[in-house]
Amino acid sequence: MGFREINSRMVEATVVPGQKLFSQRGAMLAYKGDVSFTPNMAGGQGGIMSMIGRRVANEDTPLMAVEGSGTVLFGHGGHHVQVINLSGDTLCVEADRLLAFEGTLQQGTMFLGSQGGVMGMVRGQISGQGLFTTTLKGHGAVAVMAHGGVFEIPITPQRPVHVDPQAYVAHHGDVRNKLSTALGWRDMVGRGSGEAFQLELSGSGAVYVQASEEKL
């Protein structure tokens with residue numbers, strides 16, 4: 001199925017029988033054909049354990065299951081929409097940034113501290129993202145939301161990428177993250193997150209950053 005970008009704030013999805021989409025509640029703008037929208041209680045391919053994990057993590061953004069035959073236009077709040085195509089790898093993204101994704105993807109929850117220890121937990125507090133993030137794994141397309149446009153930055157083993165935690169949108173691939181301080185603790189008083197803290201991503205993959213530090 002996939003998503004077709006209509007403009008920077010809207011995507012179109014083709015819904016076919018036997019295949020399912022998931023969207024954030026309130027994301028449907030218009031549709032044509034015989035399409036149904038029902039609250040999703042099973043957590044996508046992640047099943048009931050995925051749903052429980054998201055609730056424990058406070059990542060239980062309401063989802064709608066989209067089925068039938070037709071086309072649907074998605075958008076939400078006038079936010080910029082970025083389409084990311086996965087080819088077997090894992091995308092890490094905040095649940096409230098998910099606009100819509102294909103049902104072929106398996107949904108889960110990741111504890112940020114598992115990648116960065118205590119610093120990973122600090123990053124969650126500094127960025128306002130919390131300590132958990134949603135994961136989508138497999139083959140399929142994802143539409144995510146951001147402020148002011150999104151830029152994809154490749155991550156290679158030889159060149160780690162440093163990102164302002166509040167500009168971070170998502171990342172995919174074999175990537176590790178850790179929070180580092182750009183200043184001494186005494187110098188961080190009154191500084192913004194980008195001046196005092198940097199999110200370092202290393203490995204192989206890509207990170208998506210938004211053109212604004214504003215949270216959705």
Side-chain angles (χ1 to χ4, degrees), residues 1-110 129-130 132-147 149-150 152 169-172 206 208 210 215-216:
M1 291 182 288
F3 298 100
R4 183 170 70 92
E5 297 183 39
I6 303 299
N7 55 42
S8 63
R9 293 175 173 84
M10 187 186 306
V11 295
E12 180 185 70
T14 300
V15 184
V16 298
Q19 298 187 34
K20 189 180 296 186
L21 288 172
F22 294 97
S23 69
Q24 188 173 131
R25 189 170 296 177
M28 187 275 291
L29 300 176
Y31 72 91
K32 295 186 296 184
D34 183 15
V35 181
S36 65
F37 302 83
T38 56
N40 172 50
M41 300 301 295
Q45 279 206 13
I48 189 69
M49 294 309 295
S50 173
M51 180 183 69
I52 293 173
R54 292 198 312 279
R55 293 202 172 190
V56 170
N58 196 29
E59 282 272 299
D60 56 333
T61 298
L63 294 175
M64 302 295 288
V66 184
E67 300 176 274
S69 178
T71 58
V72 184
L73 294 177
F74 292 111
H76 192 39
H79 298 307
H80 177 89
V81 180
Q82 177 75 26
V83 176
I84 301 172
N85 294 296
L86 298 178
S87 300
D89 50 349
T90 299
L91 178 74
C92 298
V93 61
E94 279 185 281
D96 58 5
R97 289 190 182 275
L98 284 173
L99 179 67
F101 61 94
E102 293 186 283
T104 53
L105 297 170
Q106 182 176 0
Q107 188 178 10
T109 304
M110 184 186 76
Q129 292 179 305
F132 295 83
T133 189
T134 292
T135 60
L136 294 171
K137 182 178 181 180
H139 293 77
V142 186
V144 301
M145 297 179 291
H147 278 287
V150 175
E152 179 182 357
V169 173
H171 73 267
H172 70 84
Y208 298 86
Q210 65 179 15
K215 182 176 172 62
L216 290 181

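None of the values given here were measured: they were computed from a predicted structure. When a residue number appears, it is its place in the shown sequence, counting from 1.
Atom CG of residue L105 and atom CG of residue L91 lie 8.5 Å apart, to the nearest 0.5 angstrom. Note that the NE2 atom of H76 and the CD atom of Q24 stand 4.5 Å from one another [nearest 0.5 Å]. Rounding to the nearest 0.5 angstrom, the gap separating the CG atom in D34 from the CD atom in E67 is 11.0 Å. Interatomic distance, CG of L136 versus CG of L98, reported as 5.5 Å (0.5 Å rounding). Interatomic distance, CD of Q107 versus OG1 of T135, reported as 7.5 Å (0.5 Å rounding).
Residues meeting the side chain to side chain contact (heavy atoms under 4.5 Å, CB included) test with D89, sequence neighbours left out: L86, H172. Applying the side chain to side chain contact (heavy atoms under 4.5 Å, CB included) test to I6 and every residue at least two apart in sequence or in another chain returns R4, M10, E12, L73.
Checking side-chain atoms of T104 against main-chain N and O of H139 turns up a donor-acceptor pair under 3.5 Å. When atom types are taken as modelled, the side chain of R97 and the backbone of V144 share no donor-acceptor pair closer than 3.5 angstrom. E102 places a side-chain N or O within donor-acceptor distance of the main-chain N or O of A141, the cut-off being under 3.5 Å. Judged purely by atom type and a 3.5 angstrom limit, E5 has no side-chain atom pairing as donor or acceptor with the backbone of Q82.
Taking the six-membered ring where the residue is Trp, the centroids of H147 and H79 are separated by under 6.0 Å.
Shortest non-hydrogen contact noted between L99 and A27 is CD1-CB, 3.5 Å. Pairing each heavy atom of R25 with each of P39, the nearest pair is NH2-CB, 3.8 Å. What you find for V66 and V35 is that their closest heavy atoms are CG1-CG1, 3.6 Å.
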Using side-chain contact (heavy atoms from CB on, under 4.5 Å), reason through V72 and F37 one step at a time and then give a plain yes or no.
CA-CA 11 Å; V72 184; F37 302 83; 4.1 Å; yes
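More than 12 heavy-atom neighbours from other residues, nucleotides or ligands sit within 6.0 angstrom of OH on Y208.
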Side-chain donor-acceptor contacts of residues 15-23 below 3.5 Å, not counting sequence neighbours, with atom names and distances?
none

